[in-house]
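Just so we're on the same page: letters track the sequence lines, and every chain starts at 1. Values reported hereafter were calculated over all heavy atoms of this structure, with side chains retained and with hydrogens, waters and symmetry mates removed. Source: prediction; values computed, not measured.
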Amino acid sequence: MGATFAFAESRDGALRKVAFETVTAARRTADGSGGGEVHALLLGAPGIAAKAEELGRYGADLVIVVEDPGLERYSPEVFAASAAERIRTGGYRAAFFSASAQGRDLAPRTAARLGVSLASDVTEFEMRGDAVVVRHPAYTGKVIATMRLAGAPAVVSLRPGAIAAVEQARSPRVEQAAPAMAPSAARVVVTETSQRAGAKLDLGEAPVIVSGGRGLRAAENFKLVEDLAAAFGNAAVGATRAVTDDGWRPATDQIGQTGRVVSPELYVAVGISGAIQHLAGMRTAKTIVAINKDKDAPIFKIADYGIVGDVFEVVPRLTEEVRKARGH
Amino acid sequence: MKIAVCIKRVPEMELRFSIASDRKSLDQTGLKYEISDFDGYALEVALQLVEKAGSGEVVAISVGPDGVQETLRKALAMGAARAVQLKADHVPFDGFATATALAAELKAGGYDLLLFGRMAADTASGIVGPMTAELLDLPCVTAISHLELAGGRGTARRDLEGASETVQFPLPAVLTIDEGIARPRLATLKGIMAAKKKPLDVRPAQLGKVSLTVESMALPPERAGGKIVGEGPDAVPELVRLLRTEAKVL
Ligand SMILES: Cc1cc2nc3c(=O)[nH]c(=O)nc-3n(C[C@H](O)[C@H](O)[C@H](O)COP(=O)(O)OP(=O)(O)OC[C@H]3O[C@@H](n4cnc5c(N)ncnc54)[C@H](O)[C@@H]3O)c2cc1C
Ligand SMILES: Nc1ncnc2c1ncn2[C@@H]1O[C@H](COP(=O)(O)O)[C@@H](O)[C@H]1O
């Protein structure tokens with residue numbers, strides 16, 4: 001029984017949540033086909049090997065660790081060369097990456113080096129022999145495509161949050177490996193990674209997103225949205241393009257067709273009309289709440305729960321009630 | 001400065017879609033087409049770079065059926081110097097097959113930069129750019145929202161979850177363009193007239209092997225939603241109750 005490959009993403013020496021999702025997907029693939037091993041690849045600065053145990057918690061049998069002082073930051077060419085080499089020599093049926101910002105860069109490069117295609121931004125998958133059948137929202141999420149990727153191996157990137165990480169603890173073996181090319185030989189070099197000020201919880205990882213639109217009328221009124229997010233305690237703040245275009249929020253907060261695509265447990269749309277380009281980024285949220293003064297706003301068509309009303313009256317009240325419900 | 005921009009013709013996304021009777025494709029009835037949004041940004045970036053350099057040309061390239069000629073003419077009207085249609089009756093969903101065709105065309109073009117959209121609006125895959133770069137063994141930076149060039153090198157910024165990266169690279173290179181970098185210009189009447197006389201070459205696309213195939217397409221299930229809990233702040237307690245007991249998110 002062949003093994004299954006998972007790429008384990010890290011940043012600043014810590015594993016990202018999506019690393020547990022790719023390992024979970026690989027575990028599920030292995031167990032669904034008679035129980036092969038799961039091999040996770042982890043690259044980083046010296047010391048990153050200490051994170052191997054955490055990958056074992058989600059079902060990795062073997063963690064291949066590539067440590068090099070030149071890998072403190074993401075290095076597209078070294079990562080792609082190392083992943084491709086490992087996948088080529090490992091004889092894997094399937095290889096899972098995340099469709100995170102890093103994974104969207106790394107997965108297509110790796111697949112092309114292997115001379116195979118890639119199923120990108122997958123929300124569900126199932127192995128059929130050596131092929132994988134995937135679901136992928138296409139056409140700005142207005143169409144769900146079911147596709148078959150003939151494997152050799154089947155390389156898949158998973159939409160962050162779509163495959164929930166499941167613990168299946170084991171103690172993994174750790175194997176040290178050298179990078180497939182010297183980091184100093186890379187042509188493309190990440191010279192700086194800057195944490196965005198105020199971005200406490202990332203949109204891709206937050207279970208709750210509170211998002212604001214033009215209905216808030218001015219940048220300073222985003223305080224309402226921030227307070228509601230703080231009341232939830234596990235929420236990130238998003239925005240529509242109308243808002244990011246006006247500079248009320250940074251462009252990186254934009255959700256939609258040309259912004260981030262998110263699938264939180266709960267999405268609260270505050271003063272957002274629900275334009276198709278916005279829906280493209282959030283329609284796969286598990287539960288959607290909308291607050292809008294216009295009862296005919298399109299957002300109500302996809303919202304599970306709506307309140308017709310003025311955000312300046314409804315949101316402070318909601319913040320208060322959520323705070324109570326959360327017990328703080 | 002010689003820049004190639006790979007542009008894709010896609011259906012306008014605002015329209016209502018339905019699935020064709022083969023259950024594998026969109027019903028083409030009533031569809032209108034346009035340049036994929038990020039590709040428009042990429043074209044604008046290319047035009048500005050060549051204008052700034054004071055010399056050079058922008059070449060627009062599209063893989064697809066004859067319908068893409070309309071899209072290429074639009075690129076010419078915006079200011080591209082010439083265009084190439086890599087003719088294929090059907091554009092596969094498989095990004096590697098498309099990247100193979102583009103790499104074959106771009107290989108000996110002598111370009112300083114090859115620009116792509118961050119992702120096409122129809123496939124929503126974001127793979128053709130970086131795959132083409134790998135096939136050509138060129139440096140590549142994806143999803144950039146800021147770019148500076150000087151002395152044969154570039155510095156780009158790309159956004160990550162909660163952070164951003166500054167990336168340096170040598171030219172020639174492949175870049176995929178995110179939003180926020182430039183808003184595409186509108187073609188002027190003069191540009192539209194000039195476009196009619198600009199060269200548009202047609203060559204057969206040398207598509208790669210297709211291993212990713214569409215089995216079926218469906219419209220997403222309608223969200224059962226649409227429940228209005230009530231009006232004004234008085235509806236809040238009921239909403240919170242539903243979030244706690246029914247949706248179980250509180
Ligand atoms: C190519 C392209 C790509 C795009 N990509 C994106 C994208 O990625 N993301 C995105 O979001 N948009 C995108 N857009 C823009 C999109 O079409 C909409 O213009 C945008 O989403 C509207 O933002 P909004 O809902 O904040 O503003 P509006 O549409 O102006 O809606 C404001 C809403 O607030 C309500 N309101 C006003 N005052 C109050 C009040 N006091 N209380 C309660 N409600 C109130 C109004 O009833 C209205 O429904 C794109 C557009 C194009 C053409
Ligand atoms: N048929 C095509 N012709 C020209 N360029 C394309 C084509 N398909 C994709 N591209 C380019 O590749 C980018 C990414 O496409 P995709 O990987 O399908 O999301 C697009 O934004 C275009 O720049």
Side-chain angles (χ1 to χ4, degrees), chain A residues 100-102 104-105 108-109 112-113 116-121 133 137-150 187-196 199 202-205 251-252 258 265-266 276 287-288 300-309 313-314 317-318 321-322 325, chain B residues 13-14 17 37 93-96 99 121-127 130-131 134-135 139-143 145 159-170 179-180 211-220 223 225-233 235-237 239-240 242 244 247 249-250:
Chain A
S100 59
Q102 185 185 99
R104 281 177 183 273
D105 188 83
R109 290 174 187 267
R113 277 172 195 246
V116 300
S117 200
L118 166 71
S120 176
D121 192 27
V133 175
Y139 296 91
T140 67
K142 288 173 81 178
V143 172
I144 307 297
T146 302
M147 293 181 290
R148 184 175 183 283
L149 176 63
R187 298 167 296 184
V188 175
V189 179
V190 176
T191 54
E192 194 188 329
T193 310
S194 50
Q195 206 62 32
R196 222 167 5 255
D202 174 63
L203 284 171
E205 299 191 342
T252 42
T258 43
E265 293 286 307
L266 174 64
I276 172 73
T287 301
I288 298 173
F300 286 129
K301 291 215 180 66
I302 70 148
D304 300 281
Y305 307 110
I307 292 184
V308 179
E313 293 171 10
V314 176
R317 182 73 195 275
L318 181 57
E321 294 291 330
V322 169
Chain B
M13 296 296 153
E14 287 77 10
F17 290 158
D37 41 17
F93 209 103
D94 188 324
F96 193 53
D122 54 357
T123 61
S125 292
I127 70 177
M131 284 189 156
E134 290 294 341
L135 291 170
C140 170
V141 189
T142 59
S145 55
D159 293 321
L160 310 177
E161 299 86 359
S164 66
E165 277 175 352
T166 307
V167 190
Q168 295 193 347
F169 59 94
E179 207 198 14
S211 54
L212 178 70
T213 47
V214 176
E215 292 213 315
S216 65
M217 280 193 181
L219 302 181
R223 290 192 74 102
K227 185 197 278 185
I228 300 282
V229 177
E231 286 187 23
V236 167
L239 171 65
V240 170
L242 289 167
R244 189 169 335 121
V249 288
L250 256 181

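Among all heavy-atom pairs drawn from A:Ala138 and B:Phe93, the shortest one is CB-CZ, 4.0 Å. Between B:Lys227 and A:Asp304 the shortest heavy-atom distance is CB-O, 3.3 Å.
Only the side chain of B:Leu239 comes within contact range of chain A, with at least one heavy atom under 4.5 Å from a heavy atom of that chain. Residue contact with chain A, scored on non-hydrogen atoms closer than 4.5 Å, involves the backbone and the side chain of B:Val141 alike. Heavy atoms of B:Asp37 lying under 4.5 Å from chain A belong exclusively to its side chain. The part of B:Thr123 that comes within reach of chain A is its backbone (N, CA, C, O), which places non-hydrogen atoms under 4.5 angstrom from that chain. Residue A:Val116 touches chain B through its backbone alone, counting heavy-atom pairs closer than 4.5 Å. Of the atoms belonging to B:Ala235, heavy atoms from both backbone and side chain fall under 4.5 Å from chain A.
Put simply, the side chain of B:Glu161 gets close to the backbone of A:Ala101: a donor and an acceptor are under 3.5 Å apart.
Each of B:Gly95, B:Gly126, B:Pro130, B:Gly232 has some count of heavy-atom pairs under 4.5 Å with chain A, and the biggest count is that of B:Gly232. The greatest number of non-hydrogen atom pairs below 4.5 Å with chain A, out of B:Glu179, B:Glu14, B:Glu231, is found for B:Glu179. Of the residues considered (A:Ile276, A:Asp121, A:Thr140), A:Thr140 shows the highest number of contacts with chain B, using heavy-atom pairs under 4.5 Å. By number of non-hydrogen pairs under 4.5 angstrom with chain A, the leading residue of B:Thr213, B:Leu250, B:Val167, B:Val214 is B:Thr213. Here B:Ala247 is the residue among B:Ala143, B:Ala99, B:Ala247 with the most heavy-atom pairs under 4.5 Å with chain A. Among the candidates A:Thr287, A:Thr191, A:Thr258, A:Val143, the residue making the largest number of heavy-atom pairs closer than 4.5 Å to chain B is A:Thr258. Across A:Ile288, A:Val314, A:Val189, the residue that shares the most heavy-atom pairs under 4.5 angstrom with chain B is A:Val189. Most heavy-atom pairs under 4.5 Å with chain A: of the set B:Ser145, B:Pro170, B:Pro139, B:Gly230, this distinction falls to B:Pro139. Note: A:Lys142 leads A:Lys142, A:Gln102, A:Arg113 in heavy-atom pairs under 4.5 Å with chain B.
Inter-residue side-chain proximity for B:Ser211 and A:Leu149 is flagged as met; some heavy-atom pair is nearer than 4.5 Å. Looking at B:Met13 and A:Tyr139, their side chains come closer than 4.5 Å, going by heavy atoms from C-beta outward. Between A:Arg317 and B:Pro237 the shortest side-chain heavy-atom distance falls below 4.5 Å. Using a 4.5 Å heavy-atom threshold, the side chains of B:Met131 and A:Leu118 count as touching.
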Q: Please test A:Ser117 against B:Asp94 for side chain to side chain donor-acceptor pair (under 3.5 Å), starting from the C-alpha separation and ending with a verdict.
A: CA-CA 7 Å; A:Ser117 200; B:Asp94 188 324; 2.6 Å; yes
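Taking CZ from A:Arg148 and OG from B:Ser216, the interatomic distance works out to 13.0 Å, rounded to the nearest 0.5 Å.
Residues that satisfy the salt bridge (Lys or Arg N to Asp or Glu O under 4.0 Å) test with A:Glu313, not counting sequence neighbours, are absent from this structure. Applying the salt bridge (Lys or Arg N to Asp or Glu O under 4.0 Å) criterion to A:Arg109, with sequence neighbours excluded, gives A:Asp105, B:Glu134.
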